[in-house]
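Below: one structure, written as structure tokens.
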Amino acid sequence: MRLLVTGGAGYVGSVCATVLLERGHDVVIVDNLSTGNVDAVPTGAEFVEGDVADVAARVLGDGRFDGVLHFAAQSLVGESVEQPAKYWQGNVVTTLTLLEAMREAGTPKLVFSSTAATYGEPERTPITEDDPTRPTNPYGATKLAIDHAITSYADAYGLAATSLRYFNVAGAYRGAGENRVVETHLIPLVLQVALGQRDKISVFGTDWPTPDGTAVRDYIHVLDLADAHLLALDHATPGAHTVYNLGSGAGFSVREVISSCRRVTGLPIASEDAPRRAGDPAVLVASSERAMADLGWQPKHTDLDVIVADAWQYLQELGDRSHAARRS
Ligand SMILES: O=c1ccn([C@@H]2O[C@H](COP(=O)(O)OP(=O)(O)O[C@H]3O[C@H](CO)[C@H](O)[C@H](O)[C@H]3O)[C@@H](O)[C@H]2O)c(=O)[nH]1
């Protein structure tokens with residue numbers, strides 16, 4: 001297939017583009033490098049630097065594409081509360097422009113990066129796709145709004161669409177991993193302590209209603225996520241928009257993640273207890289049964305130590321080239 005990958009210089013987008021190329025697909029990446037790294041663009045992909053909203057129509061009109069994988073987005077929850085305009089413009093308006101460009105060019109398939117944040121504070125666990133969607137921040141609200149727009153495009157214009165609701169993506173693959181200018185995610189932050197780039201990791205909340213009092217999340221290996229994108233492309237049906245939750249189905253607490261990082265690195269990793277972070281739910285665990293049943297998807301790298309080990313190897317290989325190393 002010939003595929004357009006937006007956000008292909010970012011973490012998840014670059015891993016997925018790498019896997020698409022390995023499977024023999026032609027990949028064109030569009031990324032404005034606002035949060036992505038040009039070094040992350042995989043060899044073999046054609047790269048167009050620019051905003052999706054500005055270049056999608058030209059790129060899609062230039063040659064026939066079989067589909068779009070749309071990763072490009074603003075994705076910091078805290079920032080979305082402070083600067084909602086950046087999220088409504090950058091996520092919703094940009095995606096509406098992309099949908100129009102696809103309609104104009106007759107591009108048949110879309111795989112969209114949705115999120116667990118569309119559910120907000122869950123009523124039960126694990127979360128299924130039929131559970132209520134009540135996002136608690138603009139980031140989740142913009143992703144949900146896009147999901148609704150995609151449904152309309154599938155209904156009215158025959159788009160074959162899939163929204164994948166990621167839970168906590170982690171790990172790395174073949175030189176593609178988490179290397180953000182602004183890092184807020186638990187596993188890379190803990191590993192930055194191991195690398196001496198930070199003094200300690202703060203544990204946000206120790207009084208949650210969980211077995212050890214720290215928040216529980218469902219960590220999914222980025223390679224398993226990439227698999228789901230390929231399966232979604234294969235199974236997409238014209239006129240249908242299907243939503244799938246993607247997680248490993250097991251929850252790990254913040255303390256369990258830190259323990260895993262200590263085991264994998266063999267280093268002590270200092271931590272301190274800290275207050276809860278605003279807007280964090282206590283527990284977020286996915287039911288991915290629909291993806292397993294419909295797509296035949298099966299997460300293969302569910303061992304937390306394997307996920308952490310892959311992230312650790314990536315950060316060690318990156319060494320001085322990481323944003324965190326340049327800062328420290
Ligand atoms: O320094 C830190 C960083 C995080 N945490 C905790 O670790 C857990 C995981 O936090 P992350 O920031 O790694 O991930 P989130 O669950 O907050 O975020 C996930 O869900 C978000 C929406 O809710 C976004 O989609 C985001 O991209 C995705 O990784 C949370 O309980 C958080 O409070 C800490 O204790 N200390």
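In each ligand, atom 1 is the first atom listed, and ligand 1 is the first ligand listed.
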Are Tyr173 and His301 close enough, and set up right, to give a ring-ring contact (aromatic ring centres under 6.0 Å, His included), and what steps lead you there? CA-CA 12 Å; Tyr173 180 63; His301 313 279; 8.6 Å; no
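Under 4.0 Å is where a charged nitrogen must lie from a carboxylate oxygen, and between Lys109 and Asp234 no such pair does.
Listed by chain and number, residues touching ligand 1 at under 4.0 Å (heavy atoms only) are Val77, Thr115, Ala117, Tyr139, Asn168, Thr184, His185, Leu186, Leu189, Ile201, Ser202, Val203, Phe204, Ala215, Arg217, Tyr219, Val254, Arg277, Asp280.
Here Leu267 sits in one hydrophobic cluster together with Leu186, Ile187, Leu189, Val190, Leu191, Val193, Leu195, Ile201, Val203, Tyr219, Phe252, Val254, Val257, Ile258, Val264, Ile269, Leu304, Ile307, Val308, Trp312, Tyr314, Leu315, Leu318; the rule is ILVMFWY side chains under 4.5 Å apart, joined directly or through other members. Taking a 4.5 Å side-chain heavy-atom cut-off between Ile, Leu, Val, Met, Phe, Trp and Tyr, the cluster of Val243 contains only that residue. Think of Val81 as one node in a network of Ile, Leu, Val, Met, Phe, Trp and Tyr side chains linked at under 4.5 Å; it has no links at all.
Here the shortest heavy-atom pairing between Glu183 and Glu178 reads OE1-CB, 4.3 Å.
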